[in-house]
Amino acid sequence: MQSTDSGEASRQQGSGIYNSWSKGQLELCGKKVKKESERQKGQGRKAQPPVRGPRLRTVMWVEQPEDTEASVQGTIFPAPNFNPMMDAQMLGGALQGFGCDKDLLIDILTQRCNAQRLVIAEAYLSTFGRDLVSDLKEKLSDHFKEVMVGLMYPPPSYDAHELWHAMKGAGTDENCLIDILASRTNGEIFQMREAYYLQYSRDLQEDIYSETSGHFRDTLVNLVQGTREEGYTDPATAAQDAMVLWETCQQRTGEHKTLLQMILCNKSYQQLWLVFQEFQTISGQDIVDAINECYDGSFQELLVAIVLCVRDKPAYFAYRLYSAIHDFGFHNKTVIRILIARSEIDLMTIRKRYKERYGKSLFHDIKHFASGHYEKALLAICAGDADDY
């Protein structure tokens with residue numbers, strides 16, 4: 001792929017995404033503030049401020065996680081008494097001169113929801129006549145810059161940005177493609193594809209097709225269609241689908257691999273739960289173990305990621321964070337991407353899974369491996385409590 005970043009060079013094009021996203025999302029902010037306030041009252045305590053400061057292993061779950069989709073929780077919420085003009089003026093002051101008040105940047109940008117940050121960016125432009133993201137890029141550096149700039153993207157644009165950089169230039173970051181495309185809903189995929197085209201004037205599916213190969217490519221292309229069934233279950237066909245999966249693990253022909261990815265990419269999460277249970281009954285083996293035994297490489301990792309996301313998405317991202325921190329010597333891009341992308345969706349639940357499965361808190365491991373304002377920014381997004389250390 002050509003490395004010309006045409007979309008990022010055009011803030012006018014990006015502003016259209018900002019406006020369309022922020023207007024829709026701001027309508028939810030008031031409701032979220034009220035809901036969070038009621039939740040904290042129900043717990044009988046005040047809100048706690050955030051502290052400043054290889055091959056996939058087999059994972060087996062045979063029961064639905066306790067957390068339902070309605071109960072998973074992020075770590076960043078809309079700020080009450082939101083004043084975008086005041087925030088913009090404070091950011092302008094923090095970014096002026098030779099120095100930069102990084103603590104103030106963290107205090108503001110990690111304590112506002114994404115829709116509020118986009119309104120702040122509009123207020124910043126009207127006040128100073130400059131683009132906030134451009135100023136952040138100019139004044140900041142290294143991984144701290146990646147975090148602060150990443151927070152300013154609307155979620156679909158951030159996914160598009162990450163996918164673009166995973167495929168541009170020499171080599172492809174397969175793990176980034178897997179993390180995003182194996183976990184997003186139909187609606188998120190549709191918005192991501194639209195943002196990708198607006199930012200880079202390219203078709204996401206075509207770029208995936210040209211930058212990957214084999215059954216790994218075919219599965220990614222299937223996922224990026226965003227045509228997974230939603231909420232549909234048919235117990236009568238679950239055993240049939242499970243038998244097809246079992247046969248694909250036995251035969252391993254090209255045709256069987258296609259059948260395998262078609263089932264995993266198109267059946268609803270609820271249907272796949274039934275299929276996985278039937279597979280266990282038929283084969284006496286967990287589907288993850290079977291995939292790991294039968295396949296390898298990026299295709300195998302993608303299939304396992306889909307299964308783990310079906311079973312328990314927060315647990316999947318807890319695994320990915322643990323692997324990024326411990327197996328790859330703190331893989332910064334992966335840690336940053338997951339924390340930002342999941343901050344308003346299920347990061348609090350991911351923290352819970354992380355502590356349950358690995359014994360130490362996510363807060364503890366970030367504090368151990370990161371440092372400086374980069375560490376403070378990650379911890380603020382993670383919203384770790386002092387007790388977690």
Side-chain angles (χ1 to χ4, degrees), residues 1-25 114 117-118 121 131-134 136-137 145-228 261-262 265-266 297-299 301-302 305-306 309 332-334 336-338 340-342:
M1 181 187 300
Q2 304 231 352
S3 61
T4 54
D5 205 340
S6 59
E8 302 226 27
S10 173
R11 300 304 303 172
Q12 290 182 346
Q13 214 170 26
S15 66
I17 303 170
Y18 273 45
N19 292 335
S20 61
W21 178 260
S22 61
K23 288 178 181 177
Q25 292 299 301
N114 184 263
R117 292 184 211 115
L118 303 186
D131 179 67
L132 176 56
V133 172
S134 297
L136 290 170
K137 289 180 178 180
K145 177 176 74 173
E146 294 178 35
V147 176
M148 293 293 102
V149 171
L151 287 169
M152 296 305 303
Y153 283 95
S157 298
Y158 186 65
D159 279 347
H161 170 270
E162 292 297 292
L163 290 171
W164 166 266
H165 285 279
M167 293 186 286
K168 67 177 287 190
T172 300
D173 184 353
E174 288 85 1
N175 285 329
C176 177
L177 301 182
I178 291 171
D179 282 349
I180 293 176
L181 294 176
S183 65
R184 300 311 193 250
T185 66
N186 290 347
E188 289 168 339
I189 289 172
F190 175 81
Q191 292 176 330
M192 174 203 313
R193 290 184 63 167
E194 186 178 48
Y196 193 92
Y197 183 78
L198 288 172
Q199 288 169 238
Y200 306 110
S201 300
R202 298 181 65 93
D203 182 79
L204 175 58
Q205 180 177 322
E206 291 178 0
D207 282 351
I208 290 172
Y209 192 88
S210 66
E211 297 299 320
T212 58
S213 61
H215 290 283
F216 176 63
R217 175 189 64 195
D218 296 340
T219 308
L220 290 176
V221 169
N222 198 325
L223 288 170
V224 83
Q225 302 297 316
T227 55
R228 182 183 297 281
Q261 59 100 351
M262 289 292 289
C265 294
N266 292 288
S298 297
F299 179 58
E301 292 181 2
L302 176 55
I306 295 171
C309 285
N332 295 283
K333 285 188 175 297
T334 300
I336 293 170
R337 181 179 67 249
I338 294 175
I340 291 177
R342 311 307 296 185

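Only heavy atoms go into these numbers, but all of them, side chains included; no hydrogens, no water, no symmetry mates.
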**OP:** Measure the spacing between OH of Y196 and CG of D207 and express it to the nearest 0.5 Å.
**Re:** 3.5 Å
Subject >> Nearest atoms (heavy-atom pairs only) where M152 meets A121 >> reply: CE-CB, 3.9 Å
Original post:
Which atom pair, heavy atoms only, marks the closest approach of A182 to A305?
Top reply: CB-CB, 4.0 Å
Subject >> Straight-line distance of D218 CG to T212 OG1, nearest 0.5 Å >> reply: 8.0 Å
Original post:
Do I178 and F216 come close enough that some side-chain heavy atom pair is under 4.5 Å?
Top reply: yes
Original post:
Taking C-beta and beyond as the side chain, do E301 and E174 meet within less than 4.5 Å on heavy atoms?
Top reply: no
**OP:** Kindly indicate whether the side chain of R337, heavy atoms from C-beta on, has any atom under 4.5 Å from the side chain of Y158.
**Re:** yes
**OP:** Mind listing the closest non-hydrogen atom pair of E188 and S183 along with its distance?
**Re:** OE1-O, 4.4 Å
Original post:
Is it the case that R217 places NZ or CZ above or below the six-membered ring of Y209, under 6.0 angstrom from the centre and within 45 degrees of the axis?
Top reply: yes
Original post:
How many angstroms lie between CG in L198 and CD in Q191, if you round to the nearest 0.5 Å?
Top reply: 11.5 Å
Original post:
Under a 4.5 Å cut-off applied to non-hydrogen side-chain atoms, are Q205 and Q225 in contact?
Top reply: yes
**OP:** To the nearest 0.5 Å, tell me how far S157 OG sits from E194 CD.
**Re:** 9.5 Å
Original post:
Yes or no on side-chain contact (heavy atoms from CB on, under 4.5 Å) for N332 and E146, after CA distance, side-chain angles and deciding distance?
Top reply: CA-CA 10 Å; N332 295 283; E146 294 178 35; 5.6 Å; no
Subject >> Spatial distance of atom CG (L223) from atom CD1 (I189) [nearest 0.5 Å] >> reply: 6.5 Å
**OP:** Enter the distance from H165:NE2 to K168:NZ here, rounded to the nearest 0.5 Å.
**Re:** 5.0 Å
Original post:
What closest approach, in Å, do L151 and N114 show between heavy atoms, and which atom pair accounts for it?
Top reply: O-ND2, 3.3 Å
Subject >> Nearest heavy atoms of N186 and R228, plus distance in Å >> reply: ND2-O, 2.7 Å
Subject >> Backbone of V224 reached by a side-chain donor or acceptor of R193 within 3.5 Å >> reply: yes
Original post:
Between Y200 and H161, is any pair of side-chain heavy atoms under 4.5 Å apart?
Top reply: yes
Subject >> Over all atoms of both residues, closest heavy-atom pair of L220 and L181 >> reply: CD2-CD1, 3.8 Å
Original post:
Given side chains that start at C-beta, do those of I306 and T219 come closer than 4.5 Å, heavy atoms only?
Top reply: yes
Subject >> L204 side chain reached by M167 side chain, heavy atoms, under 4.5 Å >> reply: yes
Subject >> T334 vs D179 side-chain heavy atoms within contact, under 4.5 Å >> reply: yes
**OP:** Kindly indicate, with the supporting measurements, whether the criterion side-chain contact (heavy atoms from CB on, under 4.5 Å) is fulfilled by M192 and I180.
**Re:** CA-CA 10 Å; M192 174 203 313; I180 293 176; 3.6 Å; yes
